[in-house]
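This report refers to the structure that appears directly beneath it.
The shown structure was predicted, so the numbers you read here are calculated from the model rather than taken from an experiment. Sequence positions, counted from 1, serve as the residue numbers for this chain.
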Amino acid sequence: MSLESIFLVAGGLGLFLFGMKMMSGGIELIAGERLQSILQKATSNRVFAVIVGILATIAINSSTATTIMTVSFVNSGLMNLTQAIGIILGANVGTTFSAQLIAFRIDTVAPLFIFVGIIMYLFVKKRSIKNIGYVILGFGILFFGITVMGTPLRGIADQPGFNAMLTAFENPFLALVAGFAFTAVVQSSSATMGLLVTMHLNGVPIPFETSAFIILGTNIGTSITTVLASIPANRQSKRAALFHIMFDIIGSAVFGTLVFVFPAILQWFQHTWAETARQVAMFHTLYNFATMFLILPFIGPVAKLMEKIVPLKADGADRTYEKKLMYLDSADAKLLQSPGVAVLNAHLELCRMGKIANENLKLALEAFFQKDVEKARKVVENEDILNYLNHSISAKLVWINNMRLSIHEAKKVGEMFRTLSDMERIGDHAENIAEYTVVIAEGNLRFTEAAIEELKELSEVTVALAVKAMEVFERQDEPSLSQIVALEDEVDELSVDFIENHIERLKEEACAPQSGVFFTDMITDLERCADHANNIAFTIIPEKAKKAKRLEHKQAQQKSL
C-alpha cells in the first residue's frame, strides 16, 4: 500500500470524524436545550426512558453525548438511576442509526450537501439558518470522508500485510479487542462502525464473523467515556456508568458465546441481506435491540444491584461547604464537552453558591440577635468559601462563554455573571452583619426592644425573599416572580418606616447614637440583600419582561387599594 493511499485513508477518516463532530455540535445548538428538557422529563416509565434515549441519540448522532448528558443529570440530582438506565439502553440502540445510514451508499451526493451547507452557513445572516447549514455541512463532510477513503480501501485487499492481519483477527477475542481499542481511542462507536461499514462497501474482504466480534468490542469501547466522566461525579453517577460498562461487557460475552457456539446466527444475517455492509449494519442494530429487550424488564432489580455494588459512603458528609467546585470541577472535563451540559452544570454550581450565601445570611442574623460571637466567626469562614466559589465559577463561565453556544445559552451565561455578583454581594452583607455582632458584643452595646423587633421583622421578610428568589432561580419558576416583587416592596416599605421610627427614637434620646449607627447599617444591609435577591430571581426572564412584570404587580396593587 502506497504512502499516498495511507494519507488518503487517514485524511478520509479525519474528515469523517470531523463531519460527525460538526453534525453533533450543530444539532445540539439547534435543539440542545429542548433535548435536555426531554431527557430530564424521562419519567420512571422505563419504556418512555428507552424511547427518549433512542430518539436523543439519533438526533445528535452520538450515544457518547447522550450518556455523558445522562451522567451529568444523575450527578446533579435531576434524574434517578432507573431513568438513567433506561436512557442508556435507548442510546445503545440509537447509535446504530448512523451505520444503517452509511450502508445506503449516499456518499455520492456528499458534495451537494457540502455546497448547500456552506452557502447557508456563510451567506445567510439568520443564526438559526446558519446552524442548520452547519449541520448539513457536517453531514456532507462526513460522507465525503467516506468517498475519500473508498479508492485506497479498495486496494487494501491485495496487500499481503492486510491479509495476514485478517488471519490474526479470525481469533474472535482479538477482533473484539480491536473493536474495543479503536472505539476507546476515538471515543465514538459511530466512528468505528462508520469505518467498518465503509470498508465493506468498498469490498475489503473482512469476514463477517470478524466484523461481528469487532462490533461487540465496539459496544464495550463506547462505555469507557461514560466511566471516565463519572470518576469525579457522585455515587449515583458512578452507578450509571457501572451499569453501562457491565451491560456492554455482559451483553458482548453472552452474544459472543452464542455466535461462537451457533454459527447459524451469522449465517442467517448473510442469507437475509445480500450486501456485507448491510449485514454488518443489521447485526449492530439487532444485537443492541436484543440486549435492550433482555435487560428492559429488569431495570428495577438492576438499579438495586448497582446500588449494592456502589453503596453510599458511610460518612454521608454534606459536601455543600467544601472549598471546591462540585459540578464544574477541572477534572470533570468530559461532562463539559457539550455546551448544553456545561451551561446546566454552571447553573447547578450557582444554585449551590446561592444556598450557601442564604444560609450564611441566616447564620449572621442568628449571631446578631443571639449576640453569638462564635457564629459570627463561622459566617466569616463561610464567606471565604463564597469568595473562592465566586472566582472559580467566574473563571469557568469565561471558559464556557468561549464555547459554541446557542443564542439562548449565550444570554443565559451572560446573566450568570450578573447572578454570581449578586450572590457574592449577599455574602458580603452577611459578613458585615457578623462584624457588627462582634463589635456590639465587645462594646456591650444595647438596642431598644422596639429596634430589635423592627430588625427581626425586616430580617424575616428579607430571608424569606432570599430563599424564594433562589427557588425561583433554581426551578426557573416565572409565575412566582410576582411573590418576589411583593416581598421586595415590603422590604422597601419596612425599611423606610423603621428608619423614620429610629429618627424619632433618637430625637427622644431613647436610643444611644452608637447603637443607632449599627441599626441604620443593618437596615441598609438587609435592604441591599433584598435588592440582590430580587435581581437573582429576575434573571430568568428577559429585560423587557422584567419591567412588564413589575408594572403588572404595581397595577394589581393599585386595584387592590
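Heavy-atom minimum distance, Ala240 versus Leu81: N-CD1, 3.6 Å. Scanning all heavy atoms of the two residues, the minimum distance from Ile433 to Leu365 falls at CD1-CD2, 4.1 Å. Listed here is the closest heavy atom pair of Ala357 and Gly427: CB-N, 4.4 Å. Taking all atoms of both residues into account, the shortest heavy-atom contact from Gly86 to Ile299 is CA-CD1, 4.1 Å. When every heavy atom of Ala533 is checked against every heavy atom of Ala469, the shortest pair comes out as O-CB, 3.2 Å. Closest of all the heavy-atom pairs between Asn358 and Ala466 is ND2-O, 3.0 Å.
Tested against Ile536, the residues Leu420, Ile426, Val472 include a single side-chain contact (heavy atoms from CB on, under 4.5 Å) partner, Ile426. Across Asn534, Asn535, Thr539, a single residue satisfies side chain to side chain donor-acceptor pair (under 3.5 Å) together with Asp422, and that is Asn535. Among Thr66, Asn92, Thr67, Thr95, the one residue that satisfies the side chain to side chain donor-acceptor pair (under 3.5 Å) test with Thr57 is Thr66.
The structure places CZ of Phe48 at 10.0 Å from CD of Gln83, a figure rounded to the nearest 0.5 Å. Atoms CD and CG, from Gln370 and Leu363 in turn, are 9.0 Å apart once rounded to the nearest 0.5 Å. For the atom pair NZ (Lys355) and CZ (Phe473), the distance works out to 11.0 Å, reported to the nearest 0.5 Å. For the atom pair Arg475 CZ and Cys351 SG, the distance stands at 10.5 Å (nearest 0.5 Å). Here NE2 of His502 is found 13.0 Å from CE of Met522. Values are rounded to the nearest 0.5 Å. Within the model, atoms NE2 of His429 and OG1 of Thr462 stand 11.0 Å from one another, a figure rounded to the nearest 0.5 Å.
Ion pairing between a basic and an acidic side chain is recognised when a charged N comes within 4.0 Å of a carboxylate O; Glu307 and Lys304 show no such pairing. Look at Asp525 and Arg528 and you find no salt bridge, because none of the NZ, NE, NH1 or NH2 atoms lies under 4.0 Å from a carboxylate O. Salt bridge status for Lys468 with Glu471: present, with a side-chain N to carboxylate O gap under 4.0 Å.
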Legend entry - Chi angles and distances behind the side-chain contact (heavy atoms from CB on, under 4.5 Å) call for Phe518, Val439: CA-CA 10 Å; Phe518 287 110; Val439 175; 3.5 Å; yes
Legend entry - Full working for side-chain contact (heavy atoms from CB on, under 4.5 Å) between Met423 and Met470: CA-CA 10 Å; Met423 290 175 177; Met470 274 311 305; 3.6 Å; yes
Legend entry - Criterion salt bridge (charged side-chain N to carboxylate O under 4.0 Å, His left out) on Asp384 and Lys323, from CA distance to verdict: CA-CA 9 Å; Asp384 189 42; Lys323 198 173 180 180; 2.9 Å; yes
Inset, instruction - Begin from the C-alpha positions of Lys412 and Glu415 and carry the test salt bridge (charged side-chain N to carboxylate O under 4.0 Å, His left out) through to its verdict. - result: CA-CA 5 Å; Lys412 199 167 184 178; Glu415 291 288 357; over 6 Å; no
Inset, instruction - Would you please test Lys396 and Glu349 for side-chain contact (heavy atoms from CB on, under 4.5 Å) and show each step? - result: CA-CA 10 Å; Lys396 289 293 183 182; Glu349 204 71 76; over 6 Å; no
Inset, instruction - Go through Asn131 and Tyr121 one step at a time and tell me if the side-chain contact (heavy atoms from CB on, under 4.5 Å) criterion holds. - result: CA-CA 7 Å; Asn131 288 339; Tyr121 184 69; 5.7 Å; no
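Contact of the His244 side chain with the Ile85 side chain is not registered, since no non-hydrogen atoms from C-beta on lie closer than 4.5 Å. You'll find the side chain of Phe369 reaches within 4.5 Å of the side chain of Ser459, heavy atoms only. Counting heavy atoms from C-beta on, the side chains of Val463 and Val467 come closer than 4.5 Å. In this structure, Phe368 and Leu455 have side chains that are in contact, with non-hydrogen atoms separated by less than 4.5 Å. No side-chain heavy atom of Thr524 sits less than 4.5 Å from a side-chain heavy atom of Asn432. At least one side-chain heavy atom of Ile132 sits less than 4.5 Å from a side-chain heavy atom of Met120. Looking at Asn402 and Val398, their side chains come closer than 4.5 Å, going by heavy atoms from C-beta outward. For the pair Met22 and Phe139, the minimum side-chain heavy-atom distance is 4.5 Å or more.
Stacking of Arg505 on the aromatic ring of Phe519 is recorded, both the 6.0 Å distance cut-off and the 45° axial limit being met.
Listed by first and then second residue, the salt bridge (Lys or Arg N to Asp or Glu O under 4.0 Å) pairs that reach into residues 366-381 are Glu366-Lys375, Glu374-Arg377, Lys378-Glu381, sequence neighbours excluded. Evaluation of the side-chain hydrogen bond (donor to acceptor under 3.5 Å, both in side chains) test over residues 385-394, restricted to residues two or more places apart or in two chains, returns none.
The ring-ring contact (aromatic ring centres under 6.0 Å, His included) test applied to Phe97 returns no partner, not counting sequence neighbours.
Enclosure of atom CD in Glu449 is not indicated, since only 12 or fewer non-hydrogen atoms of other residues, nucleotides or ligands lie within 6.0 angstrom.
For the pair Ser480 (side chain) and Gln483 (backbone), a donor-acceptor distance under 3.5 Å is absent.
Side-chain contact of Glu383 with Asn360: a donor-acceptor pair under 3.5 Å is absent, judged by distance alone.
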